[in-house]
Every structure is written in C-alpha cells, then in structure tokens.
Student: 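To start, I am sharing the structure in question, which I have written as structure tokens.
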Amino acid sequence: AWSDTKGSSVLARRKRRIGPQAKTFNFEWPSQQKPLTGLSDILETTAADERYFLDESQTGELIEKLDAKGFRDKIVPYRTCIDDTQGFDGVRLYNNESPTLRSSRSGLKIATSVDPLTVRRITPREYLRLQSFPEGVYERLKAAGITDSQIYSIAGNAVTVNVIEAIGVRLLPYLAD
C-alpha cells in the first residue's frame, strides 16, 4: 500500500520523500507494436568508410564462430545483424533487427556480401538512427569534436526517442490533472 513507508527499500524511501499527497494512477503502457523501421532502413545508402570493415583476420574469426553455430548460410546481405560482442565465445544473428544498444557494444556488424563474406561494423550514424535520433545529429556531434567511440557510447546510453515520445504522450493527461 502507498501508506506503507517502513523499511529501507527504494520504494519505501521514495514514499517517505514524496509523502501522502502524491497522486497515484494506473498508467497504460503503449502496446507492443511491430517495428516500423527495419535494420535495412537505417543503413548507409552510400558505401561505408573502409575503417568500418573487418580485416581478413577479424573476418576469419567471425567465420569460425558462425560456422560453429551453423549460422553462415543464414546471413542475408544488408539484413542480418551479427552480434558477437556478448562476452562469450559465440555469435547471435538478428533478421532485419538490432539487439539492444549498449554503450559498451560498438561491435554490431552487418554483412555486405556472403561470397566471399564481407562484414562491417554498424557506423556511429547508423547507431544514432537505431535510437531514432533525427538526421544531422551525427554531423553536429562530429563538428563539436565528438569521436566515433563517444558517439557509440552516446547512442548506447540513450533512450530511444520515439519510445519516450509515446510514453510522454500517454503521461500528459495525467499531468494535466
């Protein structure tokens, strides 16, 4: 119950700080919807810079992981996101989707061809697009002297803009009361 403020849990401390005057309500979360944008929709339309491509050694290591899981024949160029940054000796594939972005994960990859296998990292601009940042943010960050590593971190620490917008729209009627 809201009046229970005993204990040292986070909830009990918050109740004591806010006090009994706080209004409560049952918030209706936005329903789960099929993504409107696929991974292939956010990828660069021009050739990515060579620095984002895996070298022969890195490609060889990735091929070993893919073959060990039987995944190599499941790769579709520009649609399969490859995640081998989980901190384990494995690999995961996502079909036209991306896993959750994290600040420590700048190693998500996309296959650009399968024979021979050519793979590149998802670029910082694409990371920002995955978080639904508007176009032009990458250029402004670069102009401000922000490095690619910092941009990966910014995107990984960010919350997805359109998700927060959907939640905000649902909260507005409660704030007006």
Student: Say you draw a straight line from OG of S149 to CD1 of I151; how long is it, rounded to the nearest 0.5 Å?
Tutor: 9.0 Å
Student: Is there side-chain contact between L54 and R120, with at least one heavy-atom pair below 4.5 Å?
Tutor: no
Student: Just by distance, with hydrogens left out, do T123 and E126 show a side-chain donor and acceptor under 3.5 Å apart?
Tutor: yes
Student: Is atom CD of E56 surrounded by more than 12 heavy atoms (other residues, nucleotides or ligands) closer than 6.0 Å?
Tutor: no
Student: With sequence neighbours excluded, what pairs up with D67 under the side-chain hydrogen bond (donor to acceptor under 3.5 Å, both in side chains) test?
Tutor: none
Student: Counting distance only, does the side-chain N/O of E61 pair as donor-acceptor with the main-chain N or O of Q58 below 3.5 Å?
Tutor: no
Student: Can you find a pair of side-chain heavy atoms, one from Q131 and one from Y127, that are under 4.5 Å apart?
Tutor: no
Student: Determine yes or no for a side-chain-to-main-chain donor-acceptor pair under 3.5 angstrom, with T112 supplying the side chain and T118 the backbone.
Tutor: yes
Student: Strictly below 4.0 Å, N to O, side chains only: are R129 and E135 in salt-bridge contact?
Tutor: yes
Student: What is the distance from atom CG of L39 to atom CD1 of I122, rounded to the nearest 0.5 Å?
Tutor: 5.0 Å
Student: Distance-only, no hydrogens or angles: does the Q150 side chain make a donor-acceptor pair with backbone N or O of T147 under 3.5 Å?
Tutor: yes
Student: What's the separation between atom OH in Y152 and atom CG in N157, rounded to the nearest 0.5 Å?
Tutor: 15.0 Å
Student: Could you state the interatomic distance from CG (L62) to CZ (R72), rounded to the nearest 0.5 Å?
Tutor: 9.5 Å
Student: Determine whether a donor-acceptor pair (N or O, by modelled atom type, separation under 3.5 Å) exists between the side chain of T160 and the backbone of V163.
Tutor: no
Student: Which residues pass the side-chain contact (heavy atoms from CB on, under 4.5 Å) test with V137, sequence neighbours left out?
Tutor: L128, F133, P134, R140, L141
Student: Is the backbone of G38 close enough, under 3.5 Å, to the side chain of D41 for a donor and an acceptor to pair up by distance?
Tutor: yes
Student: Do the side-chain N and O atoms of D148 and Y52 include a donor-acceptor pair separated by under 3.5 angstrom?
Tutor: yes
Student: Using a 3.5 Å distance criterion without hydrogens, assess whether the side chain of N162 forms a donor-acceptor pair with backbone atoms of S132.
Tutor: no
